[in-house]
K.L.:
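Just dropping this structure here.
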2 protein chains.
Amino acid sequence: MVRKPTSKETARKPNMREAILAAAEELFATNGFNAVSVRDIAQAAGANPGSVTYHFKTKDGLLLEIYRRHCGPMNLRRSELLAAAKRVRDLQDRLEAIVRAYVVPAFTSGSDLAGGGARFTRLRAVMSAEGNEVARKIIAQTFDDTSHAFIDAIHESLPHIPRTDIVWRSHFLLGALYYSLVTPDRVSRLSRGEADGGDAAGAIEQLVQATVASFQAPPLDHAAPARRRPVVSSKT
Amino acid sequence: MVRKPTSKETARKPNMREAILAAAEELFATNGFNAVSVRDIAQAAGANPGSVTYHFKTKDGLLLEIYRRHCGPMNLRRSELLAAAKRVRDLQDRLEAIVRAYVVPAFTSGSDLAGGGARFTRLRAVMSAEGNEVARKIIAQTFDDTSHAFIDAIHESLPHIPRTDIVWRSHFLLGALYYSLVTPDRVSRLSRGEADGGDAAGAIEQLVQATVASFQAPPLDHAAPARRRPVVSSKT
DNA sequence: ATGTGATTTGTACTATCGTACAAAAGATCA
DNA sequence: TGATCTTTTGTACGATAGTACAAATCACAT
């Protein structure tokens with residue numbers, strides 16, 4: 001009996017703390033940080049507002065804990081997948097594997113912390129859009145390392161593309177990834193029901209294929225302008 | 001004297017109404033809707049809080065007016081550019097022209113309403129992320145037509161790609177576009193200063209090239225699975 | 001100059017926000 | 001059982017939110 005449930009884990013209701021975290025995650029991810037009140041979260045979790053203060057001290061503290069919960073497992077999984085991807089021999093396959101290693105954990109977190117990575121990624125997208133300060137700090141110090149690792153790996157499998165271009169295209173990848181999680185219904189609507197924007201597996205495949213192609217695009221010639229700029233005049 | 005400045009346009013301070021709109025646009029676009037108070041907006045515009053109520057009745061009304069201001073000119077310009085793009089003979093050039101016709105007005109609005117399209121597009125991105133109700137309604141009924149027109153045009157120049165795939169890739173384009181406007185600093189940071197995320201012209205070129213390549217990617221084979229899925233195991 | 005309508009100001013009201021804190025309730029173990 | 005610690009509840013407080021509205025101010029036609 002080295003490990004007993006030290007009463008810290010045995011709440012009256014089963015894990016109220018977790019319920020609050022899950023509710024907050026869901027509400028923040030769909031409505032933004034400021035639109036959600038502590039009372040909203042408490043009600044969604046079936047808890048008392050004061051209970052939120054007790055567990056997380058402040059609303060910022062609650063957001064911080066959400067990040068702490070997910071960042072570790074997600075980046076760990078990404079590292080594992082990236083390491084495996086780097087060992088792929090075929091260059092084309094390797095690139096695809098790298099992109100997949102970046103995308104997949106964003107949709108389904110490794111340890112799948114009570115709700116999966118998709119919800120947390122969506123939350124990150126929303127916090128990013130809102131310019132949330134708490135999130136900005138964590139992201140810069142937690143995700144930039146991972147991003148650099150992926151950019152370097154991609155650069156190695158595409159040595160003829162300038163690093164700058166790869167940075168841009170990685171940026172586009174993240175934007176596309178975020179947006180797919182933020183408004184999946186738009187895909188369903190525009191495809192007139194042919195595609196399901198909420199289907200994670202489908203979204204991943206589409207995103208990976210499109211992104212791999214974008215990475216393989218010829219580099220932008222920074223010295224000379226575009227080969228032949230198509231003439232588009234708005235004056236008919 | 002058919003047209004005299006009917007005192008409706010001659011405020012004490014030069015166009016306080018416009019100042020409020022501009023300030024609200026800026027603040028909403030960078031901080032989200034709920035994080036910004038009417039008093040914040042009034043202060044940034046050098047106006048009195050009550051003045052905001054006078055001109056726009058409610059905070060939602062203010063947001064609505066911002067959309068009304070930009071949607072018309074922007075979609076008009078997109079239509080013009082799309083029409084011109086469709087007349088490009090070379091298929092490769094035409095595709096690029098179409099993508100450019102979609103992207104360019106998002107960065108710089110046609111009539112450049114006091115601040116340009118980039119700010120408004122960023123605002124759209126943020127409202128989308130926050131799931132803002134006012135914005136959702138307007139977007140569905142104003143932008144979907146334009147989106148369909150572009151999707152159809154792209155489909156015509158890429159007949160062998162299923163429409164579903166084009167929808168997905170257009171969706172990724174919009175996500176990348178949004179994200180580029182939301183966090184341009186990330187590009188500067190990840191490129192270690194080599195690229196300037198805030199440079200609209202550079203962002204447009206990168207985005208257009210990457211997107212054209214993604215559209216030209218082979219279609220996803222919905223019947224048979226991927227040709228040869230690269231094996232990536234997380235267990236080393 | 002004066003009246004009139006359009007704006008701006010100042011202030012106040014109610015609702016809700018985040019947070020604090022004491023009391024109640026439950027769990028744990030001597 | 002009773003002491004002690006953790007968790008939950010209930011309530012309250014100050015700050016700030018959106019909005020309303022009367023008074024003050026301005027522009028302009030007469």
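By convention in this document, chain letters (A, B, ...) are assigned in the order of the sequence lines, proteins followed by strands, and residues within each chain are numbered from 1.
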K.L.:
Could you state the CZ-C1' distance from F56(B) to dG18(D), rounded to the nearest angstrom?
P.N.:
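It is 16 Å, rounded to the nearest whole Å.
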K.L.:
Provide, to the nearest angstrom, the distance between the OH atom belonging to Y54(B) and the P atom belonging to dA22(D).
P.N.:
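So the OH-P distance, Y54(B) to dA22(D), works out to 15 Å.
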K.L.:
Donor-acceptor check, side chain of S128(B) to backbone of R124(B), threshold 3.5 angstrom: yes or no?
P.N.:
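Such a contact is absent between S128(B) side chain and R124(B) backbone.
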K.L.:
According to the ring-ring contact (aromatic ring centres under 6.0 Å, His included) rule, which pairs have a member within residues 184-208 of chain B, sequence neighbours left out?
P.N.:
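For residues 184-208 of chain B: none.
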K.L.:
Measure CG/L63(A) against C1'/dT19(C) and give the value in whole Å, please.
P.N.:
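Distance check: L63(A) CG to dT19(C) C1' gives 17 Å.
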K.L.:
Is the side chain of S188(A) donor-acceptor paired with the backbone N or O of G197(A) at a distance under 3.5 Å, no angle test?
P.N.:
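Yes, S188(A) side chain to G197(A) backbone: donor-acceptor pair under 3.5 Å.
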K.L.:
Taking only N/O atoms, report every protein-nucleotides 16-18 of chain C pair under 3.5 Å with atom names and distance.
P.N.:
unit_1, atom_1, unit_2, atom_2, d
dC17(C), OP1, S37(A), OG, 3.4
dG18(C), OP1, K59(A), NZ, 2.7
dG18(C), OP2, V38(A), N, 2.8
dG18(C), N7, R39(A), NH1, 2.8
dG18(C), O6, R39(A), NH2, 2.9

K.L.:
Kindly say if H55(A) contacts the phosphate of dT6(D), meaning a side-chain N or O under 4.0 Å from OP1 or OP2.
P.N.:
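Result: no.
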K.L.:
Taking the minimum atom-to-atom distance to the side chain of T53(B), which one of dT8(D), dA20(C), dT19(D) wins?
P.N.:
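Shortest atom-to-atom distance from the side chain points to dT19(D).
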K.L.:
Can you confirm if the NZ or CZ of R78(B) lies within 45° of the ring axis of Y102(B) and under 6.0 Å from the centre of its six-membered ring?
P.N.:
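R78(B) over Y102(B) ring: yes.
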K.L.:
Which pairs count as side chain to side chain donor-acceptor pair (under 3.5 Å) when at least one residue sits in residues 129-155 of chain A, sequence neighbours excluded?
P.N.:
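Residue pairs with at least one partner in residues 129-155 of chain A: N75(A)-T146(A), E133(A)-R136(A), D144(A)-R189(B), S147(A)-R186(B), D152(A)-R163(A).
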K.L.:
Between E25(A) and R122(A), is any pair of side-chain heavy atoms under 4.5 Å apart?
P.N.:
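Side-chain contact under 4.5 Å: no.
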K.L.:
Looking at dT9(C), dA20(C), dT7(C), which one has an atom nearest to any side-chain atom of K57(A)?
P.N.:
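Looking only at heavy atoms from C-beta outward on K57(A), the closest nucleotide is dA20(C).
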K.L.:
Keeping to residues at least two apart or across chains, list the ring-ring contact (aromatic ring centres under 6.0 Å, His included) pairs with something in residues 187-208 of chain B.
P.N.:
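For residues 187-208 of chain B: none.
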K.L.:
Taking atom P of dA23(D) as reference, at what distance in whole Å does atom CG of N48(B) sit?
P.N.:
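In whole Å, dA23(D) P and N48(B) CG are 17 Å from each other.
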K.L.:
What pairs meet the side chain to side chain donor-acceptor pair (under 3.5 Å) rule with one or both residues in residues 37-57 of chain A, with sequence neighbours excluded?
P.N.:
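Found S37(A)-D40(A).
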K.L.:
Residues of residues 127-135 of chain A with any non-hydrogen atom less than 4.0 angstrom from an atom of DNA chain C: list those, numerically ordered, please.
P.N.:
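Close to the strand, none.
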